[in-house]
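Computed from a prediction, not measured in an experiment: that's the story for all the values here. Naming: A, B, ... by sequence-line order, numbering from 1 per chain. Excluded from the calculations below are hydrogen atoms, water molecules and symmetry mates; all remaining heavy atoms, backbone and side chain alike, are included.
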Amino acid sequence: MWYLQGRSRSSQKARGHTKGRQSTPPTSIAWHSMTYDHRAIESSWQKRWEDEGLYRASIDWDRPKHYALTMLPYPSGDLHMGHWYAMTPSDARARYMRMKGYNVLFPMGFDAFGLPAENAAVTRGIHPAHWTWPNIERMRDQMRSMGTMFDWEREAISCDPTYYKWTQWLFTQMFEHDIAYRGQAMVNWSPTLQTVLANEQVIDGLDERTGQPVIQQLMEQWFFRITRYADELLDFDAIDWPDNIVAQQTNWIGRSEGAKVEFPTDAGPLTVFTTRPDTLWGATFMVLAPEHDLVRELTTEDQREAVETYVEIAGRRSELERLEGADEKTGVFTGGYATNPVNGAQVPVWVADYVLVSYGTGAIMAVPAHDERDFQFARTFGLDITPVIQPTGAEPLVADEMDEAYVGPGTMANSGPIDGVEVTDAKGRANPSLAAAIDWLVEHDAGDEHVNYRLRDWLIGRQRYWGSPTPILHRDDGTIEVVPLEDLPVVLPENVEFDGGRSPLHDHPDYSDATASDGTHARRETDTLDTFMCSSWYWFRYLSPQLDGSAFDPEEAAYWLPVDTYTGGAEHAVMHLLYARFFVKAMRDMGVFDDTIATMQEHGRDPEDLFDEPFMMLRNQGQILGEERTGDRLVIDGERDGNRIVASAVRVDPDASDDAGTYVGELMRRTENVLQVKGSDGTLTVEVPEGSPLDIATIPGVNDVNQLKHHLEIQRMSKSKGNVVNPDDLVIAHGADTVRTYLMFAFEWQKGGPWDSHNIIGSRRFIEDVWRIGTEDYRPEAADDIASKNLRRKTHQTIQRVDADLEVFKWNTAVAALMTLRNDLLEARRTRNVSEETWAEGVDTLLRLLAPIAPHITEDLWHKRGNPASIHLATFPEADEAVAREDTVTMVVQINGKVRDRIEVGIDIDAAAAEAAAMASARVQELTADKTVRKVIVRPPNLVNIVAN
RNA sequence: GCCCCGGUGGUGGAACGGCAGACACGGCGGACUCAAAAUCCGCUGCCCGCAAGGGCGUGUGGGUUCAAAUCCCACCCGGGGCACCA
């Protein structure tokens with residue numbers, strides 16, 4: 001048996017054993033003189049919760065369910081701030097839902113296949129499995145210190161054969177339902193390494209490791225027909241997702257209506273897709289992508305050399321690089337011509353890399369008069385420009401006088417049968433000129449109405465080792481068959497060597513030699529599956545990760561599905577989230593949920609619409625960035641000319657005085673050898689000529705400009721930048737409760753921001769104050785009813801605020817509200833002017849409201865205050881509207897929109913009384929004495945605005 | 001280049017189109033202390049003013065509105081994504 005499997009099984013067994021063991025609760029400490037010892041409290045409660053199985057989630061058809069999910073992490077080695085930031089608020093939300101009465105499932109697992117493990121193999125000689133599994137162990141341990149309610153019995157790990165058996169099975173289903181197919185795609189091919197490189201491994205067209213050139217090359221690969229679902233993927237009605245994610249996916253899919261038109265050439269018909277068939281009469285040339293099939297055949301002898309050179313150079317640039325440089329138009333004439341089907345004109349055919357082979361048909365008709373890119377191209381190469389839309393009520397367009405393409409509305413001109421038709425800004429048939437053009441094309445058999453999508457089919461083949469094997473056999477006769485379920489999983493062989501070149505699966509006869517179902521010899525597919533495929537169904541595996549007979553248990557699925565809330569980074573806006581949606585739709589159509597639907601119906605739950613989308617609600621968190629850093633203090637010697645210095649010498653000296661050199665200041669920015677230095681005289685540009693002396697005292701040897709540290713505003717945390725903050729150190733110093741509270745308090749969750757290690761002290765003080773409040777043996781001294789009533793009101797207002805904030809993931813304002821209640825309770829503790837019951841209600845409320853955010857200290861204090869059961873089984877407090885209600889409110893009186901007075905009024909004041917009160921104000925009388933009141937806007941009870949002049 | 005998001009005090013941030021700056025950090029002043037730390041109390045957007053009060057102020061410029069951080073238009077700057085990082 002394969003060791004990876006053994007390892008994962010044994011670790012699960014070990015975890016199972018801890019169940020049922022008796023533990024001593026952390027009590028029996030004297031009430032007074034207790035200091036807050038986060039280490040003892042947190043570790044003992046984590047252990048007790050696990051021993052008692054507090055967070056085990058099991059089916060209970062009598063209770064409403066809530067499936068909370070946070071994005072599957074990659075086991076990179078150490079848990080970092082970003083993991084805490086993603087997971088602990090999600091945990092708080094899951095805990096909140098639990099206290100609201102839901103039966104909550106909140107699982108965790110690992111997306112364990114991927115490139116970093118192979119990089120470790122190549123650069124450090126560690127087998128990907130030997131790198132990945134210990135990482136998982138370490139991260140799982142670190143995650144436990146967060147105090148989350150993950151149900152570890154549900155853990156799923158994508159590189160475990162018990163998991164990828166079902167990834168493979170899903171692939172076979174896709175194959176059998178004609179969703180998986182073989183096609184051609186461009187790849188980054190390294191001729192040196194004889195392998196395909198990931199985009200991130202290619203920098204400026206060179207392999208980042210070897211520095212050798214990388215070329216773009218077509219290769220036969222596996223795809224999923226996600227485009228078949230394009231229209232359904234554009235429908236977001238059933239799900240509650242952020243608008244920006246919906247917009248990004250919609251744009252990514254890029255549905256556009258138009259026509260396909262054929263331009264005959266000597267080498268055969270050239271098909272283009274255009275959203276503007278109405279401008280066909282203005283098409284003066286055509287452009288093919290360098291990789292287009294017809295380039296070779298259309299190229300004439302005298303242009304052949306130029307075209308081949310251009311195609312070769314273009315092949316070295318990635319798609320992204322081509323788009324980035326799209327401002328400067330490059331291209332070459334093939335020498336060939338095509339016939340414009342609407343008017344029989346002969347138009348030249350060019351090759352240019354602003355046309356992408358992957359979009360549309362890889363060829364365009366160019367209408368320079370009405371498309372900006374075509375216009376620039378035409379002007380660069382002196383090609384004809386023919387306006388066919390004349391703007392209404394403006395000077396008619398004249399080709400030679402145009403500075404830019406005209407893309408607005410108007411009237412068709414110079415366009416034969418559709419002359420005079422109106423052009424609007426509408427897209428598709430809603431635009432009269434488009435409708436007329438399409439009708440004409442269809443009638444004359446010159447083209448078809450067509451909907452094009454920017455979305456391309458999902459390329460799932462990877463020429464790598466560390467991924468799930470593709471369960472496919474290539475028979476010697478050239479046909480293909482899938483590996484049947486009883487032979488799954490196709491296990492990834494362990495005994496492989498890495499040389500940084502092509503996947504070791506290629507040269508592994510034990511793996512690649514196989515026998516087909518008819519007994520003949522076959523070659524096993526050596527491409528592995530995209531890791532996005534592993535993460536496109538993992539929430540189903542969480543339902544029953546140990547189950548061997550199917551991908552998931554229909555009983556579990558019928559109760560828990562679909563996922564109710566999904567949280568994760570917005571960087572996954574398009575790819576992961578679109579793939580996940582596609583997967584569910586495909587699984588639905590392949591009948592994967594049939595048993596689940598039947599089970600649901602048995603329990604009286606309506607399955608309608610529950611299997612169209614994976615995640616009903618989605619919320620994104622931002623990113624935690626590295627701390628701000630000051631740049632090096634530089635002493636520059638050299639010739640100053642205005643705001644520019646050519647340096648003769650540069651040295652780094654943190655203590656240099658302002659007059660230590662020609663100019664002294666902080667390095668703000670650096671581009672190559674040009675520095676921006678901010679000093680007493682503003683920011684100056686300093687050029688450091690090659691070879692001029694540069695000295696950094698802290699770095700021995702010969703220094704160069706690349707070693708200078710510039711000012712950092714914000715920057716991604718990464719090991720290479722040296723700005724990583726280790727959560728473990730913070731947990732040891734302050735405790736998980738403080739770290740959790742700080743992460744939720746310090747940032748707007750959706751936005752994230754730069755980490756600041758100093759501000760954590762505020763959250764630490766808050767937690768310690770909670771401890772002081774929770775352990776206080778309160779005795780009133782001067783209890784008075786008004787003080788008690790005020791504290792009760794604040795207590796109930798806090799419930800309202802925290803409840804509303806947690807509902808919508810607004811952690812920072814929830815914590816702020818709790819800090820305010822803390823301040824009120826400390827005030828009461830100092831003055832001892834509230835009744836014992838009021839105090840107790842305030843404290844118990846504070847603890848329960850804080851429990852989802854800081855689960856350990858609240859649990860400990862809850863028990864200390866005499867509650868036998870866990871606070872995490874308690875219900876969330878409910879506010880009493882009548883108690884929370886304010887009696888009076890400060891009404892603002894404005895004159896011409898500026899605040900001039902404030903009046904305390906009853907909360908129920910009506911408009912007439914509010915206006916009267918405002919007009920009666922001495923300030924208002926004084927300031928309006930010499931003016932005429934024109935208008936009074938009254939918004940009781942908050943505001944009166946008097947317009948006067 | 002294209003798509004999406006953001007820009008508010010010294011800092012993180014708060015604010016149904018209706019009191020800009022809640023809450024917190026930092027800073028300043030004070031108390032306690034032999035002293036320091038911790039803790040506690042007060043002040044803290046900027047400018048003018050002894051004060052009362054006034055002016056200015058949410059990246060920049062314009063617009064809508066009785067009223068704009070919030071809505072609209074243009075621009076500047078920063079971040080995320082762009083299909084083999086996950």
Side-chain angles (χ1 to χ4, degrees), chain A residues 71-74 76 111 113-116 119 185 187-188 196-202 221 226 242-252 254 319-328 354 358 373 454-464 467 530-532 534-535 569-576 578-579 620 622-623 625 628 713-716 742 745-748 750-756 758-763 765-766 810 812-813 815-820 822-823 826 830 890-899 902 934-937 939 942-948:
Chain A
M71 285 179 186
L72 189 65
Y74 180 80
S76 51
D111 186 16
F113 276 132
L115 205 54
N119 287 339
V187 295
N188 301 311
V196 177
L197 298 177
N199 288 339
E200 68 161 14
Q201 296 175 311
V202 182
Q221 308 248 43
I226 189 172
D243 290 345
N244 64 316
I245 305 286
V246 170
Q248 282 184 79
Q249 292 207 351
T250 302
N251 293 333
W252 183 265
E319 203 162 279
L320 189 58
E321 287 168 335
R322 293 190 202 177
L323 290 171
E324 277 167 351
D327 259 358
E328 278 173 49
Y354 78 98
S358 56
R373 289 164 306 178
R454 205 187 72 100
L455 179 69
R456 316 205 284 254
D457 275 341
W458 175 10
L459 179 113
I460 52 160
R462 293 292 182 274
Q463 294 71 42
R464 304 197 188 289
D530 182 4
T531 56
F532 271 124
C534 305
S535 57
E571 68 272 22
H572 294 290
V574 176
M575 303 184 66
H576 162 60
L578 198 65
Y579 294 150
N620 298 118
Q623 226 176 12
L625 301 158
E628 182 162 334
E713 297 270 317
I714 39 171
Q715 199 138 66
R716 223 185 241 256
Y742 179 54
F745 175 65
F747 306 92
E748 186 188 340
Q750 331 272 348
K751 201 172 128 196
W755 173 261
D756 181 329
H758 192 81
N759 280 351
I760 196 171
I761 193 69
S763 300
R765 285 178 194 151
F766 169 63
K810 291 186 66 178
N812 56 345
T813 47
V815 175
L818 290 167
M819 285 177 168
T820 307
R822 173 268 313 255
N823 293 342
L826 286 178
R830 196 161 52 238
T890 305
M891 184 175 79
V892 166
V893 182
Q894 298 181 331
I895 294 171
N896 295 332
K898 286 185 190 273
V899 179
R902 290 159 216 269
R934 303 287 175 191
K935 196 170 173 184
V936 181
I937 287 111
R939 293 284 178 277
N942 295 313
L943 174 135
V944 173
N945 186 13
I946 298 159
V947 184

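- With B/rA83, B/rG26, B/rA86 as the choices, the nucleotide that has an atom nearest any side-chain atom of A/Ile761 turns out to be B/rG26.
- Using a 4.0 Å heavy-atom distance criterion, A/Asn896 is classed as making no nucleic acid contact.
- Note: CZ (A/Arg939) to P (B/rG18) measures 11 Å, nearest angstrom.
- Base-pair partner of B/rA69: not found among the strands shown (Watson-Crick or G-U wobble, both distances under 3.5 Å).
- Looking at A/Gln463, its side chain comes within 3.5 Å of the base of B/rC84 through a donor and an acceptor atom.
- Across B/rA83, B/rC85, B/rC56, the shortest atom-to-atom separation from the side chain of A/Arg456 is found for B/rA83.
- The side chain of A/Thr531 lies closest to B/rA86, out of B/rC23, B/rA86, B/rC41.
- When Watson-Crick and G-U wobble pairs are counted only if both distances are under 3.5 Å, B/rG12 pairs with B/rC23.
- Across all strands shown, A/Gln249 has no heavy atoms under 4.0 Å from either base or sugar-phosphate atoms.
- Taking the six-membered ring where tryptophan is involved, the planes of A/Tyr579 and A/Trp458 are essentially parallel, since the angle between them stays under 30° and well short of 60°.
- Contact detail for A/Ala198 and A/Leu115: the closest heavy-atom pair is CB-CD2, 3.6 Å.
- In this pair, A/Trp755 and A/Tyr742 present their aromatic rings perpendicular. The plane angle is above 60°, beyond the 30 to 60° band.
- Distance from the side chain of A/Val899 is smallest for B/rA20 among the nucleotides B/rA83, B/rA20, B/rG18.
- Glycosidic conformation at B/rG61 (O4'-C1'-N9-C4 for purines, O4'-C1'-N1-C2 for pyrimidines): anti, more than 90° from 0.
- At whole-Å resolution of the value, OH in A/Tyr579 and P in B/rC85 are 10 Å apart.
- A/Leu459 comes within contact range of at least one nucleobase, with a heavy-atom separation under 4.0 Å.
- Using a 4.0 Å heavy-atom cutoff across all strands shown, A/Asn199 reaches sugar-phosphate atoms only and no base atom.
- Listed nucleotides: B/rC56, B/rG12, B/rA86. Nearest to the side chain of A/Lys898: B/rC56.
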Encode nucleotides 2-9 of chain B as B, S and - characters from 5' to 3', where the letter depends on protein heavy atoms closer than 4.0 Å: B to the base, S only to sugar-phosphate, - to neither.
-SSSS---
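- Distance from the side chain of A/Met575 is smallest to B/rA83 among B/rA83, B/rU11, B/rA22.
- Looking at A/Phe766 and A/Leu818, their side chains come closer than 4.5 Å, going by heavy atoms from C-beta outward.
- Across all strands shown, B/rG78 forms a Watson-Crick or G-U wobble pair with B/rC5, both key distances being under 3.5 Å.
- Closest to the side chain of A/Leu943, out of B/rG12, B/rC84, B/rG18, is B/rG18.
- Summarising the geometry, the separation between CD on A/Glu200 and P on B/rG81 is reported as 11 Å, rounded to the nearest angstrom.
- The residue A/Leu818 sits apart from the nucleic acid: no heavy atom pair falls under 4.0 Å.
- Here the straight-line distance linking atom NZ of A/Lys810 with atom CD of A/Gln750 works out to 9.5 Å at 0.5 Å rounding.
- A distance of 11.0 Å separates CG in A/Asn244 from CG in A/Asn251, rounded to the nearest 0.5 Å.
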N/O to N/O distances under 3.5 Å, protein versus nucleotides 30-33 of chain B:
none

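- At the heavy-atom level, A/Phe532 lies under 4.0 Å from base atoms of the strands shown.
- A distance of 10.5 Å separates CE in A/Met819 from CZ in A/Arg765, rounded to the nearest 0.5 Å.
- Atoms CG and CE, from A/Asp111 and A/Met71 in turn, are 11.5 Å apart once rounded to the nearest 0.5 Å.
- Looking at heavy-atom distances under 4.0 Å, A/Gln894 makes contact with a base.
- Taking a pair to require two hydrogen-bonding distances under 3.5 Å in either a Watson-Crick or a G-U wobble arrangement, B/rU39 pairs with B/rA31.
- Between the CG atom of A/Leu197 and the CG atom of A/Asn188 there is a distance of 6.0 Å, given to the nearest 0.5 Å.
- When both distances must be under 3.5 Å, the Watson-Crick or G-U wobble mate of B/rC46 is B/rG55.
- Between A/His572 atom NE2 and B/rA83 atom C1' there is a gap of 14 Å when expressed in whole angstrom units.
- Contacts of A/Arg464 classified as side-chain hydrogen bond (donor to acceptor under 3.5 Å, both in side chains), with partners at least two apart in sequence or in another chain: none.
- Closest to the A/Asn812 side chain, of the nucleotides B/rC56, B/rA14, B/rA86, is B/rA14.
- Residue A/Gly254 is out of contact with every strand shown, counting any heavy-atom pair closer than 4.0 Å.
- Considering only the side chain of A/Thr813, B/rA15 comes nearest among B/rC23, B/rA15, B/rA86.
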